[in-house]
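Not measured: the values here are computed from a predicted model.
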Amino acid sequence: MNLRKWFYLFWTTLLIGAGGAVIAGLALQTVNGGIDFKSTADLLLYSLILFGYGVLVSVYAQLGFFAYLILNYMGTGVFPRKAWRYIQLVLAVLALLELVFLRTFVSGDRSVASDLILGLGILLTAIIVSWFKMRGTNASAWIPTFFFMTAITIVEIIGVLRIGVDSATIFILVPLVACNAFQILMLHRILKPASI
């Protein structure tokens, strides 16, 4: 990967994160109606704040992505490739189970339905993104993509999960998942050598 390709990935991920945050923020505002806008300028300022927040989330997603690349590199160096794939699959399933069930048992005041919906949403998104990644590359890309879209995403949203507010979880999850999906789906295209 050269600097030009990395710049492309960086800036496009920034825009996707910003767009995802604006969409999620405006949708939550429409549903919840917590802010009373006095004028169009207030709405534009609110959208600008959402845009900036999305940029921050996208940088956070990019840090998680590069951390995953380092982890994957180290995993393939320590374990045989086939064993590393199975380890990733087990870790992804454990992360999903922890998200859905363990949080409910540890803190009894949590809503089982919201944790279940969150877990199923992440699972469904991970399966869809993994399928597209597999179609774009090969069958061996399914498990690493599934691991990244489940376990790494869950690790990235731990901070907001501690808040325990569903709107806050949706607000960070939408741009984060959009950035993660974009990065993992673009990686093989960016690393592909240019044809002469």
Side-chain angles (χ1 to χ4, degrees), residues 1-32 35 43-72 88 92 95-96 99 117-137 141-161 163 165-192 194:
M1 180 183 290
N2 59 30
L3 194 57
R4 183 180 56 82
K5 291 178 179 181
W6 177 80
F7 248 57
Y8 171 77
L9 182 65
F10 178 78
W11 288 109
T12 51
T13 306
L14 278 183
L15 291 176
I16 286 174
V22 169
I23 291 169
L26 292 177
L28 286 170
Q29 172 61 28
T30 303
V31 172
N32 296 340
I35 301 173
L43 179 63
L44 291 175
L45 183 61
Y46 180 67
S47 299
L48 184 63
I49 291 169
L50 293 175
F51 187 87
Y53 175 77
V55 167
L56 292 175
V57 170
S58 74
V59 170
Y60 184 62
Q62 292 182 56
L63 288 173
F65 182 63
F66 284 107
Y68 163 72
L69 292 177
I70 291 169
L71 175 70
N72 193 43
Q88 288 181 86
L96 281 168
L99 176 69
I117 291 169
L118 177 62
L120 288 174
I122 290 174
L123 175 64
L124 183 63
T125 304
I127 289 171
I128 292 169
V129 171
S130 299
W131 184 78
F132 278 108
K133 180 72 174 184
M134 187 180 70
R135 283 198 60 201
T137 56
W142 198 92
I143 290 176
T145 304
F146 183 76
F147 172 74
F148 174 70
M149 290 302 298
T150 54
I152 302 299
T153 300
I154 290 169
V155 168
E156 289 172 337
I157 63 169
I158 282 177
V160 76
L161 291 176
I163 297 171
V165 178
D166 292 338
S167 295
T169 304
I170 293 169
F171 187 54
I172 194 171
L173 190 66
V174 169
L176 190 64
V177 167
C179 289
N180 284 347
F182 176 75
Q183 291 176 106
I184 200 75
L185 290 174
M186 287 301 293
L187 183 64
H188 66 277
R189 292 185 180 113
I190 287 174
L191 294 179
K192 184 169 55 174

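- Here the side chain of Lys5 pairs a donor or acceptor atom with the backbone of Ile190 at under 3.5 angstrom.
- Side-chain atoms of Phe146 and Leu123, non-hydrogen and from C-beta on, do get closer than 4.5 Å to each other.
- The minimum heavy-atom distance between Ser47 and Val22, with the atom names listed, is O-CG2, 3.8 Å.
- In terms of heavy-atom proximity, Ile184 sits nearest to Lys133 at O-NZ, 2.6 Å.
- Using a 30° and 60° split on the angle between ring planes, Tyr68 and Phe148 fall in the tilted class, from 30° to 60°.
- Using a 4.5 Å heavy-atom cutoff, the side chains of Ile16 and Ser58 are not in contact.
- Pairing each heavy atom of Ala126 with each of Thr150, the nearest pair is CB-CG2, 3.4 Å.
- When all heavy atoms of Leu15 and Phe51 are compared, the closest pair comes out as CD2-CZ, 4.3 Å.
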Exercise. Quick one: do Thr125 and Asn180 satisfy side-chain contact (heavy atoms from CB on, under 4.5 Å)? Show the steps, please.
Key: CA-CA 11 Å; Thr125 304; Asn180 284 347; over 6 Å; no
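- The shortest side-chain heavy-atom distance between Met186 and Leu9 falls under the 4.5 Å cut-off.
- Side-chain contact check for Leu118 versus Thr169: some heavy-atom pair is nearer than 4.5 Å.
- Checking side-chain atoms of Gln29 against main-chain N and O of Gly25 turns up no donor-acceptor pair under 3.5 Å.
- Contact check for Thr145 versus Trp131: no side-chain heavy atoms found under the 4.5 Å cut-off.
- Between Leu69 and Leu187, some side-chain heavy-atom pair lies under the 4.5 Å cut-off.
- Taking the side chain as every heavy atom from C-beta outward, Cys179 and Gln62 never approach each other to under 4.5 Å.
- Two residues are said to be in side-chain contact when any heavy atoms from C-beta on lie closer than 4.5 Å; Phe171 and Leu50 meet this criterion.
- Counting non-hydrogen atoms of neighbouring residues, nucleotides and ligands closer than 6.0 angstrom, the CZ atom of Phe10 exceeds 12 such neighbours.
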